[in-house]
Structure formats: structure tokens, C-alpha cells
Amino acid sequence: MASSSVSARGAPSLPEEDLMCPVCRDIYREPVVLCCSHSVCGVCLRQFWSTKAGRECPLCRKRHPEGAEPLRNLALKNVCESVLSRREGSPSPWSPGGDLQSMSRAAVCVSHGEQLKLYCVVDREPVCVVCRESQAHKCHKCQPLDEASLDMKKKLRSELKRLEEKLRALKEAKKTHDETSAHVKCQAQSTERQIKREFEKLHEFLHDEERARLDALQVEVEQKTAMMRDAMDMMTREMLTLSDTINTIQEELRADDVSFLLNIKSTLDRAQCGAVQYPENSCGALVNVAQHLGNLKFTVWKKMQELVSYTPVVLDPNTADGRLRLSEDLTSVTYTAERRHVPDNPERFDWYLCVLGSEGFRTGSHSWEVDVGDNSLWMLGVTTESNQRKGLIFFNSGVWCILHMEGRYRARSSQTSGAALQVGGRLQRVRVQLDLDRGSVAFWEPSHNNAPLYTFTHTFSERVYPFFFTWCTWSPLTILPHVGSGARGRP
């Protein structure tokens, strides 16, 4: 900064360095004087005090009396304002040559030519002393500019923080949506490949069945054609023999009497030879069309049942915890220690190693059988649709199940802590029987003459879903194909 001397309103010349605030190192703005006679910008002093536990001078560290406000140094203020106006070197902001930008730099009122020293809280604009006494702002609350600036900056910083937090939340939400979109694309591609594989199996089966039936038709046609060919060959031979006999008799008839009579005996014998053998028009000469076309689609469908199976419960991969792996046909679940990166959608479990069936039930009777094998830690049962799947509260309400843990079997619900089950040996299969009309969930051991394990009674008021829990890496839980007439009722 220049060290030239300046003068204002007849005051003695002062070096510009003497007009610099010791805190901001710039020309004083609204200077105040402390009890120790040091001067500081009013804004700088408030900012300094806001960072300190006590009210002390920024230069000598002498404490300023509590409750005593620093006095405004008007003489120093006038000199500094004169220096600032000379430094800018622009015409008076309210003069004809001034513009709005220079008015802003000079901080003067456009209407009255006075310095803008106050801030109208109601109209949210800087005003001068004359404006404060005018009718437009007379009843409005006003603050000094520096105090208003601090308050507005504090408020604006708060708003800025809120907007930044909102932006971060939107970025996180966008990231989640991007990940979900990518997962949907992977799901679609995987599902498409699986659908194609399944239909390829069906196409292959139908193609083989078509080929077999066409081959059977061709064999029958060849057999019937061979029969017709043999009959036609025999008739051709008979026709040649008869033609030859007829020609001989005709020649004898044209001979003279002596020759005719000499040969009459042999001619008659030849004419009276064995009867002509006509091919019999036996049954079964035609193609058995009914055998090849009758109930064709039903017969093929019935045979197709050997290839396909129906599983009463299909697992929903969108509900499975990231540490569970489902089979391609969605009938088997296995625990793995590695957590996959999957979308954190509302349907998915994020704490318990659970997965739900894809279809819920409201009425009727439904059953499914699960092969638990050598699984060392599992749970099977039903849960309500509204039950919370996030966090640790899933088993607090809306759960009815049996479990195997540490070699023991227990029944458990959200209303009871559980009862020990009397099981003869190790369970290999468990059948779950859900009767929503009667309000019961029963568990059976099908491998031991359908021995009952445990039955819960409850009046279900909402849709319920099958659920499965496993914490075993070497043995999956597998839903077995349905045997019998299938589930009754509606989902």
C-alpha cells in the first residue's frame, strides 16, 4: 500500500499505514476505540471476539470491561472514508456521471446521497439515516450494516449447508438409482438367458417328439405300402397266367377240326386250372390316422410332465439378503460368507439371512415341502406382508416358524419364545401346511409317516409369505416339487 500522506476536512496529514486496521490490514471501516485506546474495525473486532473466550484487544490483549461497548471513532472514520473515496477516483455516485456500480462501491443512498449505514430487516435492503426516518421505513426494524451482514451471512451459511446436504442426498439417491438401473439390466439379461435355455429344452423335447411321431407314421406307411405291393405283384402274376391261357385257347379255336380235337383234352385241362387267387381286402390296410392324431397335444403334454415339474413356492431374489445365493430355478438357497453388491430396495432383508417366497397368500390352504438335508442352522415358516425386513426387528412380530440350531429343534413365533420339538433323529424334510381359513400353520415330518411337529393357531388379517433362513455354507434349503393336487385357494 502507498505510504503517501492524506488529509481530510482540514485534518493534519497522516501516512496511509496509520489508517490500516491491525486485524484485516486494510483501511478502517466503521472503526471503534477500545479502553486501551487501540482502534479496530467494528466487524473485525466482533469476529475476533467470537473466536475468543474473553473480550480482549487484538493488539495488546488487554481485556475490555464486560457490558461496556467500544466507542465509535468518528474522526478516524471520516479520514478513512475520505481515503477510500480518493482511492476509487470515481465521480460522486449521485452525480450525473455516476452509475449504479459506482454507487454500490461508494455505499451511498441513490435517493438521498447519504451513506448506507443501516439495513431494513422488513424490506431486506440497505438504507441511509434519512430513509430510516422516512414513511417507507419508519416503523421497520433496522440494524447496523455490519451486524446485519453477519446475521445474513450466518443465515445464508445455514441455508447453504442445508442445500449442500440436499445435494449430497440427491447424489446418493442418484447413485442408488444408477446402481439399481444397472442391476435391473443385469437381471433382465440373466432372466432372458434363463428363459431361452428353458425354452430350448422344451423346443428340443417337442422336436424329438415330433420326429419320433413322424418316424412312427413313416414305419406304418412303409408296412402298409409293402402289403399293397405284395398283393399287386400276386395279381400281376395271375393276370399274366390268365392272359397266356386265353391266348392259347383263342389259337385253338382258330385251328382246323382235326387239330382242335386232337388238343381239346389238354386245352380243357388248361382252361379248367385252379381258381384264380384274388387278394383279400383284409382289415388294417389303411393308415391308423386316429392313433397318430388322436389327443396328440394331450398325449405330448402328459409325456412332457416327465420333463417338467411344479414347485408350489418360488423364491423371490429381490428379497434375499446379499449373502444368500439362489439357484437358477429359484427353488434352492445357500448361505455364502461373501456379501454381493445388490440394491438396497425396500423389499430386501439387510440383516437377517432371509428370503421370502415370491407369492403371498390371503385365503385357502397351501403346502410346500423343504429338503433341509444336513443344514446345521435353518428356519422355516411364514411371515406377514407388513413385517419390517430391515434391521433387527423382523422376529419381533408377524413370524411363525420352526428352527434347527446347535442340534436342537424348536418352534418359535413373535408371541412365544419357543417350544422344544420332539424329533426322532435328524430331520431331512419338513412339510409346511398353511390353512388361512382355519387360522393355522402346521409343520410335519413327511419322512416319518407325516408325523406332526408343531401347529400354530392365529387369525391372519393380512397376506402372508413363506420365509426361509439359512446360515450354512455346505447344505442348501431346497423346495421340493409338489406331489398331489396342488394348493387350493387364491393368492
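Positions are given from 1 along the sequence. Computation of the quantities below employed the complete heavy-atom set of this structure, encompassing side-chain atoms and omitting hydrogens, waters and symmetry-equivalent molecules.
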Step-by-step side-chain contact (heavy atoms from CB on, under 4.5 Å) determination, K117 to C128: CA-CA 6 Å; K117 298 182 179 181; C128 66; over 6 Å; no
Decide yes or no on ring-ring contact (aromatic ring centres under 6.0 Å, His included) for F443 and W400, but give the supporting numbers first. CA-CA 10 Å; F443 300 87; W400 301 265; over 10 Å; no
Salt bridge (Lys or Arg N to Asp or Glu O under 4.0 Å), that's the test. Do K161 and E164 meet it? Break it down for me. CA-CA 5 Å; K161 184 178 180 181; E164 289 174 344; over 6 Å; no
Test ring-ring contact (aromatic ring centres under 6.0 Å, His included) on Y465 and F467 and set out the steps. CA-CA 6 Å; Y465 285 81; F467 91 90; over 10 Å; no
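Note that CG of L356 is 10.0 Å distant from CD of E385, once rounded to the nearest 0.5 Å. In this structure, the separation between CG on L160 and CG on L156 is 6.5 Å, given to the nearest 0.5 Å. Residue I402 holds its CD1 atom at 8.5 Å from CZ of F456, rounded to the nearest 0.5 Å. Separating the NE2 atom in H458 from the CG atom in L436 is a distance of 10.5 Å, to the nearest 0.5 Å. Expressed to the nearest 0.5 Å, how far OG1 of T470 lies from CG of L377 amounts to 7.0 Å.
A side-chain donor-acceptor contact under 3.5 Å links E462 to the backbone of S386. Side-chain atoms of R348 come within 3.5 Å of backbone atoms of A320 as a donor-acceptor pair (strictly under, hydrogens ignored). Between the side chain of Q388 and the backbone N or O of K390, at least one donor-acceptor pair lies under 3.5 Å. The closest donor-acceptor contact from the side chain of N387 to the backbone of F394 lies under 3.5 Å. A donor-acceptor pair under 3.5 Å is formed between the side chain of S475 and the backbone N or O of D374. Judged by distance alone, with hydrogens and angles left aside, the side-chain atoms of H207 form no donor-acceptor pair with the main-chain N or O of H203 at under 3.5 Å.
Between the side chains of S332 and T478, at least one donor N or O lies within less than 3.5 Å of an accepting N or O. Side-chain contact check for T336 and R325: at least one donor-acceptor pair (N or O, by modelled atom type) lies under 3.5 Å. Remark: the Q187 side chain and the N318 side chain contain an N/O donor-acceptor pair separated by less than 3.5 Å. If you check the side chains of T180 and N345, you find no donor sitting under 3.5 Å from an acceptor. Using modelled atom types and a 3.5 Å distance limit, the side chains of Q143 and D151 yield a donor-acceptor pair. Counting only N and O atoms by type, the side chains of S39 and N73 include a donor and acceptor under 3.5 Å apart.
Ring orientation note: the planes of H404 and Y409 are close to parallel, at an angle under 30° on the 30°/60° scale. Aromatic ring orientation, W471 versus Y335: perpendicular (interplanar angle above 60°, classes split at 30° and 60°). Ring-plane geometry between H366 and F361 is classed as parallel, the angle between the planes falling under 30 degrees on a 0 to 90 degree scale with a further cut at 60.
Of the candidates T319, L315, D316, S358 forms a side-chain contact (heavy atoms from CB on, under 4.5 Å) with just one, namely D316.
Under 4.0 Å is where a charged nitrogen must lie from a carboxylate oxygen, and between K303 and E209 at least one such pair does. A salt bridge is absent between E200 and K196; no separation between the charged side-chain nitrogens and carboxylate oxygens falls under 4.0 Å. Comment: D350 does not engage R389 in a salt bridge, judged by the lack of any side-chain N to carboxylate O separation of less than 4.0 angstrom. Between E172 and K175, none of the side-chain N atoms (NZ, or NE/NH1/NH2) sits under 4.0 Å from a carboxylate O, so this pair counts as no salt bridge. The pair D178-K174 meets the salt-bridge criterion, with a side-chain N (NZ, NE, NH1 or NH2) lying under 4.0 Å from an Asp/Glu carboxylate O. Comment: R197 engages E328 in a salt bridge, judged by a side-chain N to carboxylate O separation of less than 4.0 angstrom.
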